[in-house]
Each structure stands twice: as structure tokens, then as C-alpha cells.
Amino acid sequence: FSTFENNLKWQKNSLTYRIENYTPDMSMSEVDDSIEKALQVWAKVTPLRFTRLYSGTADIMISFGGRAHGDHYPFDGPGSTLAHAFSPGPGIGGDAHFDEDETFTLRSRKGFVLFMVAAHEFGHSLGLSHSDDRSALMYPVYTYKNPDTFVLPQDDVKGIQSLYGPNPVKNPFVAEPQPPPTPDACDSTIVLDAVTTLQGEMLFFKDSFFWRSTPSSRTPQQSLITNLWPKAPVSIDAAYESQQPGKIFLFKRQHVWAFTGSDLVPGYPKSLTSVGLPRGVKNIDAALYDVDSGKTLFFVGNSYFSYDDARKTMDNGFPKRLDQTFSGLPGKVTAAFQYRGFTYLYSGPHMFEYNLKTGRLYRVLRNNYFLHC
Amino acid sequence: AVVYCMPVSEVTAQDESFAETYLKKFFNLTEESGPSVRRGISPVSKKLSEMQKFFGLQITGTLDSDTLAVMKKPRCGVPDGTVAR
């Protein structure tokens, strides 16, 4: 085996990938499966884990293109060069390009098995260059192998483990619990974990991911929460932006984290009592900061609390039942935020638009209304 | 007299051009100058030997049918050996 200059490698084990486009030679699901399987070849023998993104920039961007396709290395039509990939690094680093003029297949010999070509290219994306071992996956010349019985040759195992070490899971060939599927913002049944503004952007949280939507961008950008806030929890309960612009609070079970930029504010995480909530509250469902009144609303089950940020105390008369203020809500609030003077409460697969002062309900919208699906 | 017909493999000018393109792409063949040229070792021959060594072919420094056959196989577009580094 061989590696690139200075043993170039990723400095993290959680990597993201995104399939930017598809080849017409195979169905989309066949391409998805081939790519996923090709990445798992390397995950099985290292601590590396791969998560798929459906928008935004991933570490490994995967695309099909013919001839000149946007980098300085044009493809050459059918035959000869099948694909290429770039060694680990920012920008184009890690990306894999497949020559659209080739015929890619799921497992047939008539054409090139995408799984085999992709597994080889991802070796480059992770830091391996070519091997002169004829039996190695990283041998530069394509060799047909049945993807259903493929086992990574020892030369490649030694190569990739020289960079990342072995898989800490003892028996990697026992199916590991697969990471939950990447949530799809445009799934109409999606129930978001939390929503907040952040300096004019809107952030929508689900599981380990969040989407950020700016007034200018058409499609929201999907990222891993820990890419932006390395010390943040995932699958959070609630989030809100405080009156101090750029300061965001994330809630999960009995704790709250505060971030300015990507940095965790010293002293955090704290317990929920630090924002005035009674000790008996084990978790909250949603939170929002009301710009007009300077109050922070915490939604817990069928009630909500009003916290005065300035006086650092809970307002009298709270908690109140939701239906004392918000008409039309079918159940508990799962996410909440304010935008351009309106208050948006998510409950189940719908978002309810209110005027907080009057409690008047204006519109009932789908959860992904702001996600431009 | 017995005449042996030696099957001389035809390496055409086109093959040579193809091989040069291949060596430029995968073995960093450049229009070299310097000591090796002055010693008469052509850059192409030097790179051919490098390629033949990498692929376990007979190292002749000249373009033969086996070497050409490997060059014509479908492959990855990333350069080989030290070049990739």
C-alpha cells in the first residue's frame, strides 16, 4: 500500500458525504446502496463513521461528470480513466468524481461495478494512494469482483489502519447498530426537535443534524450539529437565541448549553433551574425569546412558563395552560421561535403562526414551510 | 535454410503517443532536461521503467505489447506511486 505525502488523513473519525448527482446507468437507490456499501468497506476496519447529507457541503462530495467537469483533471470518454478522487482536506479534498461516459452497474460484468470503483476512490478520499499489490483494492487497474462477496484485501486493511487504526468494535462483521438515517427536511411528517433564529438565519434541528436557512438562500444547508458546536448535545429538546445577538441556548433533558459563535460559554452546561424553571421540570419541549416583552417562554407539556431575562425570575401566574393563550393547538409544542414579529409554534407535523400579544392564530402551515421544499 | 518468422509486435506511432500521454498523466513524465538526458536516458524510457516496475512488468524501458496492454486497461485517474504524493 502507499499513502499520500506526510500521511495526509482526516483529523476526525466522523465524516459526512453527499451524493450530488446520479448516473442514468443505475437506479438512484442502486447508486445510494453502492456508495453506502463502498464507504462501509472502510468503516468496518477503522474507527471511521460516515453520515450522509442531502444538502450543503460534506467532507466527501460525490458526483458524476464527463470530460471537463469542474476540476483541472478532465475525463477521457469511455474506457481508460473511470474515476478519480482527492486526498483528505478542505474544499475539493476528499471529493470523488466518476466519469459519466463509463457504464456503471450494480453487479454486472457488462460495465464497471460502481461499488468496486467507489470503494477504490474512497480509499483515496481517506488518504491511500495506489498499491502495486495486484490483489489490492487500491491497485490502479479495475478488476471485476462480486460486490456481494467482496472482502477488503489485507494490503488495504494494513494501509488504512496505518492511518486510522483498527475498528474499536470487536467483531466488525457483526452488523453494528446502523446510525439513524439522515432526516430529510422535506419529509412532510418530520417532527423537528427545535427551531431558533440566529443572527437573521433560521436553524431547524433534528437528531444529529440541523438545517440553516437564510432569507437569501433557496435551499437550507444541512450540517451536523457538532460541526458548528463541537460541544453541543444532539437530539436536543429546544433552542432559542437570547436578546444578546449570536448567543444561543440549547436544551436537552435537565441541562442547558449556551454558545456564542461556536464556543461554549464558560460554566455551561447548567441545570434547568438556572433559567428559573422549577426543580420538578425534567425537560422542556420548546423555548422562544419574545423580543417585544423581553420574556423567554418555556413550553413544558400542556403548559408554558414565562421567564423575565432582565430580573432573572419566573413571572407570576405561571405556568399557564397552553390553551389559555394559544388557541387551536392540537397538543404539546415541539418547537417554537419568533420571526419578523410573528410567533411560530410547532405541534406535530404543523406549524401555527400567532400574534403573541393578542394570542390570535393567523395560519396553520406545514412543518417544512420555511425549508423551501 | 530455415526461416523463422518472428512475430514482431507492431508498436505504432499512435501507440507511442498514447503511451506518452499515459506516462504524463500517471507517472509525471515532463519534458525533462538535465543530467539523465545528457547521459542519453530519455525521460520516456526512465518513466517507462518506473511504470513497468510498478506493474511488475519486465523492466526494459522500451514500449512493448505487454506494457501497452496494461496502459490500455480501465483504471483510476489518480497518478501512481510517488507521483500521487
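Labels below follow one simple rule: chain letters A, B, ... track the order of the sequence lines, proteins then strands, and each chain is numbered from 1. All values below were derived from every heavy atom in this structure, side-chain atoms included, with hydrogens, water molecules and symmetry-related copies excluded.
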Novice: Is the shortest heavy-atom distance from the side chain of A/F112 to the side chain of B/P74 under 4.5 Å?
Specialist: yes
Novice: Does B/R75 reach the main-chain N or O of A/Y139 with its side chain, forming a donor-acceptor pair under 3.5 Å?
Specialist: no
Novice: Please state whether the side chain, the backbone, both or neither of A/S131 comes within less than 4.5 Å of a heavy atom of chain B.
Specialist: backbone
Novice: What residues of residues 80-102 of chain A make heavy-atom contacts with chain B at a cutoff under 4.5 angstrom?
Specialist: A/S80, A/T81, A/L82, A/A83, A/H84, A/A85
Novice: B/V78 and A/E121: which non-hydrogen atoms are nearest, and at how many Å?
Specialist: CG2-OE1, 4.3 Å
Novice: May I ask you to name which of B/C76, B/G56, B/G77 has the most heavy-atom pairs under 4.5 Å with chain A?
Specialist: B/C76
Novice: Using a 6.0 Å cut-off, check whether atom NZ of A/K12 has over 12 heavy atoms from anything other than its own residue.
Specialist: yes
Novice: Is there a side chain to side chain contact (heavy atoms under 4.5 Å, CB included) between B/K25 and A/Y73? Walk through the geometry before answering.
Specialist: CA-CA 9 Å; B/K25 195 168 178 179; A/Y73 306 95; over 6 Å; no
Novice: Side chains of B/F55 and A/R134: closer than 4.5 Å at any heavy-atom pair?
Specialist: no
Novice: I'd like to know if A/D132 pairs up with B/K53 as an ion pair, taking the criterion as any Lys NZ or Arg NE/NH1/NH2 lying under 4.0 Å from an Asp or Glu carboxylate oxygen.
Specialist: no
